[in-house]
Each structure stands twice: as C-alpha cells, then as structure tokens.
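Here's the structure we're looking at; comments come further down.
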Protein chains: 2
Amino acid sequence: MEILDIGDVAERTGVAVSTLRYYDEIGLIASVGRRGLRRQFGPEAVWQIALIALGKKAGFSLDEIAGMFRADGTVDLPRPVLHGRADEIDRQIRDLMVLRDALRHVAECPAPSHLECPRFRKLLRVAGRRGKA
Amino acid sequence: MEILDIGDVAERTGVAVSTLRYYDEIGLIASVGRRGLRRQFGPEAVWQIALIALGKKAGFSLDEIAGMFRADGTVDLPRPVLHGRADEIDRQIRDLMVLRDALRHVAECPAPSHLECPRFRKLLRVAGRRGKA
DNA sequence: CTGCCACTTCAAGTCAACTTGAGGTCAAGC
DNA sequence: GCTTGACCTCAAGTTGACTTGAAGTGGCAG
C-alpha cells in the first residue's frame, strides 16, 4: 500500500477526484507519477490533504495554505513567517471565542433585548475592535 | 448621532458602501429608512456588521451568519440551535489549534523530516480524524 | 482480443460574494 | 436656482474554488 491511485486518495480523504486533479493543477499537491494516464500519489498525500482541509475549514484560501505547506510536504519558510501565521490563527481563535460567547449568551440571557444586557454589550465592543483592526 | 447615512456606516465599519448595499439586498442588514434615495441605518447596524465580519472571518457563509443573527439584530432561534452553532465553533477552535500547533512545530522542530517526528505525526493523526468527520 | 470503466484532457459552467459601470437622483452649499 | 457629489438602480463583470461535459485512453478481467 505504498502508492495510491487518485481514486484511492479520494476515497481515503473524502475529497472528490476532480478536486484532487484541481489541487494538482495549481500545485497544491504533487503526484509521484502516472500509471498509464492515471495520477499516482504517495501515502503522505493523505495527510497533506487533511491539512489542506483543516486550513480551508479555518477560512484560509488555497493560496494562503500553499504559503504554509508546500506540495511535497516540506516547509522551507523562515521561522518568523511561520510564527506569524500561527499568531494570525491565534487571533482568529480569539475571534471565534467572541462569536461563540455571543451565541451562547444570546441563547441564555433573559434580558428583554440583548442590546440592554451589559455582558452582550461588552462582547459587541470586542467584536467592534476586531472588526476595525 | 442617532441615524447614520450608509456612507457613515461604511466609514465606521470599514466595509464598502457597495457591500452594505449588497447585505441590505440579501436581507442581512436592514435600513431604517431613506433620506431621498439614500439608505439610513440605526447605530446598531455598526455592531451588527462587526458581528457579520467576525462570522465571515471565522469561515461562515453569509447564509450561515444570517441563520445566527437576523437583520434587525434580534434572534429568535431556539436555544438548542444556538448551542449547536456554538458547539460547531468550538470544534472549529480545536481544529485551528491543531493547525497552529502544526505550524509552530514545523517552525521549531529540528527533526530532518517532519514526517519522522512523533509530535508531528500525532498532530497529523488529529488532522486526519477531523478531515474524515 | 475485446470490452469495461476509472481514469484522462480541455473547455465551459456554477456558486458565493462582491465590484464595476452606465446612467439617474436629490439635498445642500454657493 | 444651479451645481456638486454622494448616493441610487440594474446589469454585467470578477475571483476563487470547484464541477460538469464531451471525447479520448489504457490497464486488466474474461
């Protein structure tokens, strides 16, 4: 089970064959060769694609993801850049926590209007700050 | 400073006038009236838009955001739905933490290939699990 | 050796989320 | 009262991320 047909990769990752072809085209992943016309991938393709899915779900564009991990799975970016990306993600995590708290608050707060609740107003101030920045 | 012209809202939120018009069209925000042809908004529009920006940055579609908060700023969704959304965001936070850790690891790990590092392999297993689910 | 079928290419289509352009309107300042 | 400029409408264009369709190819089971 060293080398995988594109269809095997699709099955293991849950990503459509056409999508894998697209990722290959744009250089986001790299096939290790062909069997006839058929693209073949190494087993590392499976986790590469898992990382891509993770990044996508996090709201990063394919370009941004390509800027984090290269097609062959190696990374040659300077450390400060990588840490900068990580910091960005940390900011996003904090944003998500604000959103989650806003949602949970709305679900539970008994105030007649959320605008009148001091806790909600505080959440909104945070949202405002993040929006502007 | 009760009522704001669309241009004022654009300036305060950093969102383009054309975008605000678009949000109005699709019912994501609601103008409180017109001055001539000009749309006018209440001050609550500013934080509504901040919440929208937050949701977008978090990778939610405008449709999904519309499902969390309504145009008039009120929420009439049942609690379980709201908590479900919040849970979704929690999952996403955990995903982001995996991605961040992967990035920080890659920046620091001295192993010749990340594939050989047990810590990285563990991160990948988590990524794989999330990808499939 | 034949047929099948999962793959191939390449072009075109789709969807979300906007932006742009052309031509029009109207409140405010001079 | 006329100009100006920020707004208006409506249609069309753009970008990212794919998907779909038509026409072709090639390894493998029978």
Side-chain angles (χ1 to χ4, degrees), chain A residues 1-42 45-46 48-69 71 92 99 131, chain B residues 1-42 45-46 48-69 71 95 99 131:
Chain A
M1 94 137 241
E2 253 296 280
I3 294 294
L4 303 167
D5 263 25
I6 191 173
D8 301 334
V9 176
E11 200 183 335
R12 272 164 210 238
T13 59
V15 170
V17 168
S18 64
T19 305
L20 294 177
R21 222 145 35 211
Y22 176 66
Y23 286 174
D24 187 15
E25 250 171 60
I26 65 173
L28 199 54
I29 57 176
S31 60
V32 297
R34 299 271 180 137
R35 180 167 62 102
L37 285 180
R38 220 156 280 202
R39 282 164 186 82
Q40 308 216 256
F41 294 89
V46 173
Q48 281 173 25
I49 290 159
L51 278 179
I52 292 170
L54 219 56
K56 276 192 34 171
K57 221 179 125 199
F60 292 95
S61 70
L62 296 186
D63 260 23
E64 286 170 324
I65 294 167
M68 298 179 191
F69 304 97
Q92 192 152 340
L99 189 56
Chain B
M1 93 135 237
E2 252 296 282
I3 295 293
L4 302 167
D5 264 23
I6 192 174
D8 302 334
V9 176
E11 200 183 336
R12 273 164 209 239
T13 59
V15 170
V17 169
S18 65
T19 305
L20 295 177
R21 226 148 29 213
Y22 175 67
Y23 286 174
D24 188 17
E25 249 172 61
I26 65 173
L28 199 54
I29 56 177
S31 60
V32 296
R34 297 272 179 137
R35 179 168 61 101
L37 286 180
R38 222 156 277 203
R39 282 165 185 81
Q40 308 216 256
F41 294 90
V46 172
Q48 282 174 24
I49 291 159
L51 277 179
I52 292 170
L54 218 56
K56 277 193 34 173
K57 222 179 125 198
F60 292 96
S61 72
L62 296 186
D63 261 23
E64 286 171 323
I65 293 167
M68 297 178 191
F69 303 97
D95 284 354
L99 190 56

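Lettering follows sequence order; numbering is per chain, from 1.
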How long is the line joining [atom1] of [X] and [atom2] of [N], in whole Å?
X: B/Gln40; N: D/dC8; atom1: CD; atom2: C1'; result: 13 Å
X: B/Leu4; N: D/dA6; atom1: CG; atom2: P; result: 17 Å
X: B/Asp24; N: D/dC8; atom1: CG; atom2: C1'; result: 12 Å
X: B/Arg21; N: D/dA11; atom1: CZ; atom2: P; result: 15 Å
X: B/Leu37; N: D/dC10; atom1: CG; atom2: P; result: 11 Å
X: A/Phe60; N: D/dA17; atom1: CZ; atom2: P; result: 13 Å
X: B/Ile6; N: D/dC8; atom1: CD1; atom2: C1'; result: 10 Å

> Pick the nucleotide of DNA chain C nearest each of A/Gly7 and A/Glu25; which residue has the one closer to the 5' end?
Replying inline: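 Closest to the 5' end, via its nearest nucleotide, is A/Gly7.
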>> Nearest heavy atom decides the nucleotide; on that basis, is B/Lys56 or B/Arg35 closer to the 5' end of DNA chain C?
In response: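 In this pair, the answer is B/Lys56.
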> Closest nucleotide of DNA chain D for A/Gly36 versus for A/Ile26: which of these residues is on the 5' side?
Replying inline: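 Counting from the 5' end, the first nearest nucleotide belongs to A/Ile26.
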> First contact, last contact: which nucleotides of DNA chain C are these for chain B, 5' to 3', heavy-atom distance under 4.0 Å?
Replying inline: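 Nucleotide range with atoms under 4.0 Å of chain B: C/dA17 to C/dA27.
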> What is the distance from atom CD of B/Gln40 to atom CG of B/Leu4, rounded to the nearest 0.5 Å?
Replying inline: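 Result: 8.5 Å between the selected atoms.
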> Is it true that a side-chain atom of B/Gln48 and a backbone atom of B/Ile29 form a donor plus acceptor pair closer than 3.5 Å?
Replying inline: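 No.
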